[in-house]
Amino acid sequence: QVQLAESGGGLVQAGGSLRLSCAASGRTQKKYTTAWFRQITGKEREFVAGIDGSGSVTTYASSVKGRFTISRDTVANTVSLQMDSLNAEDTATYYCAARDSMNIHQASRTWSYWGQGTPVSVSS
């Protein structure tokens with residue numbers, strides 16, 4: 001199994017940037033497919049971006065494409081999400097998730113491992 005821990009959330013003004021990090025511990029010899037989701041209270045968890053175990057395949061939600069960049073550091077066992085041009089609609093709690101399969105599925109129910117989440121608030 002793998003444990004995930006997010007960091008880097010906070011308060012930022014609209015148009016600003018934040019960088020989230022997801023650190024993996026435990027069974028890190030296996031490079032898990034990893035994704036970022038976000039959730040607003042009372043709404044379903046929404047896929048944001050995903051990256052495969054090698055770091056060569058990435059997928060983005062249409063709402064963040066061109067503004068967010070997901071990347072992997074295989075040595076440090078971290079997956080980062082660089083978020084630029086933030087707007088109020090990006091305000092949410094952001095979660096890191098991992099799964100054993102190579103595929104990047106956008107349905108949250110298909111992901112096995114989750115972090116505790118880190119809050120992001122964008123002021124307009």
Trainee: Quickly, which of Gln39, Glu44, Arg45 forms a side-chain contact (heavy atoms from CB on, under 4.5 Å) with Ser108? Name it, please.
Mentor: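 By the side-chain contact (heavy atoms from CB on, under 4.5 Å) criterion, Ser108 pairs with just one of Gln39, Glu44, Arg45: Arg45.
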Trainee: Are any of the side-chain heavy atoms of Leu18 and Leu86 separated by less than 4.5 Å?
Mentor: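 Contact flag for Leu18/Leu86 side chains = yes.
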Trainee: Only pairs at least two apart or in different chains count here, so list each side chain to side chain donor-acceptor pair (under 3.5 Å) that has a residue in residues 110-119.
Mentor: none
Trainee: Sub-3.5 Å donor-acceptor pair from the side chain of Asp73 to the main-chain atoms of Val75, do we have one?
Mentor: yes
Trainee: Please tell me whether Phe68 and Val120 are part of a single hydrophobic cluster in this structure, the criterion being side-chain heavy atoms less than 4.5 Å apart.
Mentor: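 Same hydrophobic cluster.
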Trainee: Looking at side-chain heavy atoms only, is the closest gap between Met83 and Val12 below 4.5 Å?
Mentor: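 The answer is no, as the side chains (C-beta and beyond) never meet within the 4.5 Å cut-off.
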Trainee: Please say yes or no: joined through hydrophobic side-chain contacts below 4.5 Å, possibly via intermediate residues, are Ile104 and Trp36 part of one cluster?
Mentor: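 They do not share one cluster, since no chain of ILVMFWY contacts under 4.5 Å joins Ile104 to Trp36.
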Trainee: For the backbone of Tyr32 and the side chain of Thr34, can you confirm whether one donor and one acceptor N or O come within less than 3.5 Å of each other?
Mentor: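 Indeed, once roles are kept as given, a pair shorter than 3.5 Å links the two residues.
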Trainee: Tell me, do Val48 and Leu81 make a side-chain contact under 4.5 Å, heavy atoms counted?
Mentor: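 Yes - at least one pair of side-chain heavy atoms lies under 4.5 Å apart.
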Trainee: Ring centroid separation for Phe47 and Phe37, is it under 6.0 angstrom?
Mentor: yes
Trainee: How close do Ala92 and Arg38 get, counting heavy atoms only, and between which atoms?
Mentor: CB-CB, 3.8 Å
Trainee: Does Arg67 pair with Asp90 as a salt bridge, N-O distance under 4.0 Å?
Mentor: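 Yes.
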Trainee: Quick one, Thr33 and Arg99 - any side-chain contact, counting heavy atoms below 4.5 Å?
Mentor: yes
Trainee: Listing request: all side chain to side chain donor-acceptor pair (under 3.5 Å) pairs with a residue in residues 9-20, at least two apart in sequence or in separate chains.
Mentor: Ser17-Asp84, Arg19-Gln82
Trainee: Would a hydrophobic clustering, with Ile, Leu, Val, Met, Phe, Trp and Tyr connected at side-chain separations under 4.5 Å, put Val64 with Val79?
Mentor: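 Yes, Val64 connects to Val79 through the hydrophobic network.
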Trainee: Just by distance, do the side chain of Glu6 and the backbone of Cys96 share a donor-acceptor pair under 3.5 Å?
Mentor: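 Side chain of Glu6 to backbone of Cys96, a donor-acceptor pair under 3.5 Å: yes, one is there.
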